[in-house]
Amino acid sequence: MQLVQEADFVVVELTLYTNTHPNDEDALDQWRVAIKEAARLRRQYESRYGPLSLHSIPSEEAIEAGWRWNQPPWPWQR
């Protein structure tokens, strides 16, 4: 989870910077890489512990297998 949070922090910081420096191509490249890395880490985390937000709605396959938001085990119980 810490890696996901760190990656999200980098994305936010680069987003703020590129908002005020839209012509900085190096920063834009870093932002693109950071977005991909944050998404990769989030997918990795969610594949093990489940969705982090409503934007990560489980697939129909997971729902049919019995996964629900309100059912344990919670991530801290694993």
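Note on Val33: it does not cluster hydrophobically with Ile35, by side-chain heavy-atom contacts below 4.5 Å among ILVMFWY residues.
Of all non-hydrogen atoms in Leu41 and Val4, the two that sit nearest each other are O-CG2, 3.8 Å. The two atoms that bring Ala34 and Leu14 nearest to each other are CB-CD1, 3.9 Å, heavy atoms only.
You'll find the side chain of Val11 reaches within 4.5 Å of the side chain of Thr15, heavy atoms only. Inter-residue side-chain proximity for Leu16 and Glu13 is flagged as met; some heavy-atom pair is nearer than 4.5 Å.
For Glu37 and Arg40, the salt-bridge test passes: some basic side-chain N is under 4.0 Å from an acidic carboxylate O.
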Criterion side chain to side chain contact (heavy atoms under 4.5 Å, CB included) on Met1 and Leu52, from CA distance to verdict: CA-CA 10 Å; Met1 184 59 166; Leu52 287 171; 3.8 Å; yes
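In terms of the salt bridge (Lys or Arg N to Asp or Glu O under 4.0 Å) criterion, residue partners of Asp8 (sequence neighbours excluded) are, by chain and number, Arg42.
Taking OH of Tyr45 as the start and CD of Gln5 as the end, the distance is 8.5 Å to the nearest 0.5 Å. How far CH2 of Trp31 is from CG of Asp24: 13.5 Å, rounded to the nearest 0.5 Å.
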